[in-house]
Structure formats: C-alpha cells, structure tokens
Amino acid sequence: MDMKKIALFMTVAFALFSCVKPDERVRDASTELRSLKAFVYYDESNLSKYEEVDLLSGMYIEEKGLASYTFPDDGEKFNESSLKKCRVEASLPSAARLVLTDENGNEKSCGLEGWHNLYNTSLYFNIVADNGDTKNFKIQTRCQN
C-alpha cells in the first residue's frame with residue numbers, strides 16, 4: 001500500500017472509532033442494610049474472648065431504618081463496662097458506603113471503625129448508594145443489667 005491509502009485508511013478508522021460511545025455504567029441505588037453485628041469484648045485482659053451479636057435480630061423495621069436490640073441478661077458478658085467498648089460491623093451493597101452521623105444527621109465519620117459505646121444508647125448512620133440515594137438508620141441498644 002502506498003502512503004496515501006494508509007493515511008486514508010487511518011483517517012476513516014479514526015473517524016469511525018471516535019463516534020463509538022462507551023456504555024455508561026448503571027449506578028446502583030441500593031441502600032440495603034444486610035447485617036449489623038456487634039462484637040462485645042467481655043474480658044479486658046484477653047481480647048480474643050468476645051461475643052458476636054446480631055443487632056438486627058431484635059426489633060427491626062427495614063423500611064424505616066429503625067432497630068432496637070436488648071442485650072441478654074448475662075452480667076458477665078453484657079454489662080456497662082463491656083458494652084462501652086464494642087466493635088461494630090455492617091454488611092451493605094459493595095458500591096454503597098456507610099456514614100456515621102449524630103442524632104441530627106450531621107456526619108461524624110465514614111465507616112464504623114473504632115470502638116463504640118452500645119450501653120443504653122443509640123447509633124446513627126446513613127447508607128449512601130452509588131447513585132447518591134441516602135437512607136437513615138437508627139439502632140437503639142439496651143442492657144438488662
């Protein structure tokens with residue numbers, strides 16, 4: 001091929017490929033809370049001893065984002081001291097993110113990292129979907145002791 005044909009071929013190919021638009025990805029709108037677990041470390045001298053608790057196994061109204069959980073009547077594991085230092089994990093859609101808030105909805109931090117006080121208190125957070133939709137959640141925890 002001579003240079004004119006190659007240049008013409010390259011120009012036509014460039015023109016055709018520049019008109020092809022990539023498919024836009026569908027943004028996920030899911031704000032579903034699939035699970036919410038608390039890890040209660042009841043032995044301060046040995047943090048390998050803990051009790052895993054499903055916080056959604058109490059009263060949970062999914063459409064309103066409200067849950068209430070009362071810890072079992074077990075003073076050794078669930079008491080004021082052990083419930084003031086809990087780790088919390090949530091399972092949500094992979095494209096969503098969790099934002100910890102205060103009771104007025106003001107953002108405190110992204111995620112649930114660190115220790116949480118679950119002794120007779122409430123935990124507030126939002127799940128923000130990939131498309132920007134937001135759902136508010138409130139989890140109330142109580143101790144029978």
Side-chain angles (χ1 to χ4, degrees), residues 6-145:
I6 292 175
L8 178 63
F9 175 75
M10 297 281 282
T11 304
V12 169
F14 179 74
L16 288 175
F17 287 117
S18 65
C19 294
V20 176
K21 293 182 180 177
D23 292 335
E24 288 192 33
R25 138 180 113 86
V26 176
R27 298 181 71 93
D28 188 7
S30 180
T31 55
E32 175 188 7
L33 179 61
R34 296 178 179 150
S35 72
L36 186 67
K37 295 180 182 179
F39 298 86
V40 181
Y41 296 88
Y42 56 87
D43 185 349
E44 289 187 36
S45 63
N46 185 356
L47 292 180
S48 65
K49 292 184 179 180
Y50 61 87
E51 190 73 28
E52 182 178 323
V53 177
D54 179 4
L55 295 177
L56 299 181
S57 67
M59 189 272 313
Y60 178 46
I61 305 171
E62 183 178 358
E63 53 276 352
K64 292 188 177 188
L66 297 173
S68 178
Y69 183 83
T70 302
F71 288 95
D73 188 13
D74 183 345
E76 182 182 323
K77 291 183 180 178
F78 307 111
N79 54 56
E80 184 175 358
S81 177
S82 66
L83 292 175
K84 285 191 174 182
K85 193 173 183 183
C86 298
R87 191 170 53 87
V88 179
E89 286 183 2
S91 176
L92 45 138
S94 61
R97 63 187 175 91
L98 187 142
V99 178
L100 199 59
T101 65
D102 63 16
E103 62 273 4
N104 298 317
N106 300 318
E107 186 175 325
K108 290 170 56 177
S109 67
C110 191
L112 289 170
E113 295 86 26
W115 298 106
H116 295 277
N117 178 359
L118 298 180
Y119 181 75
N120 297 337
T121 190
S122 295
L123 184 67
Y124 301 89
F125 58 92
N126 297 334
I127 294 180
V128 182
D130 186 38
N131 71 348
D133 289 354
T134 300
K135 184 171 182 180
N136 302 327
F137 288 87
K138 176 184 178 184
I139 309 299
Q140 293 179 317
T141 57
R142 301 288 174 252
C143 182
Q144 292 184 7
N145 300 322

Could you state the interatomic distance from [atom1] ([X]) to [atom2] ([Y]), rounded to the nearest 0.5 Å?
| X | Y | atom1 | atom2 | answer |
| --- | --- | --- | --- | --- |
| Y119 | K84 | OH | NZ | 7.5 Å |
| L112 | L123 | CG | CG | 6.5 Å |
| I127 | L33 | CD1 | CG | 4.5 Å |
| L100 | Y124 | CG | OH | 11.5 Å |
| E62 | E32 | CD | CD | 6.0 Å |
| L36 | F137 | CG | CZ | 9.5 Å |

Hey, does [Y] have a side-chain heavy atom less than 4.5 Å from the side chain of [X]?
| X | Y | result |
| --- | --- | --- |
| L92 | L98 | yes |
| T121 | T141 | yes |
| V88 | L118 | yes |
| V53 | F78 | yes |
| F71 | N120 | no |
| M59 | I61 | yes |
| K108 | T101 | no |

Hey, can you tell me if W115 and Y41 have their rings parallel, tilted or perpendicular (30° and 60° cut-offs)?
-> perpendicular
Compute whether any side-chain donor of one residue and acceptor of the other, for S81 and E44, lie under 3.5 angstrom apart.
-> yes
Answer yes or no: are there more than 12 heavy-atom neighbours, outside R97 itself, under 6.0 Å from its atom CZ?
-> no
E76, CD: over 12 other non-hydrogen atoms inside 6.0 angstrom = no
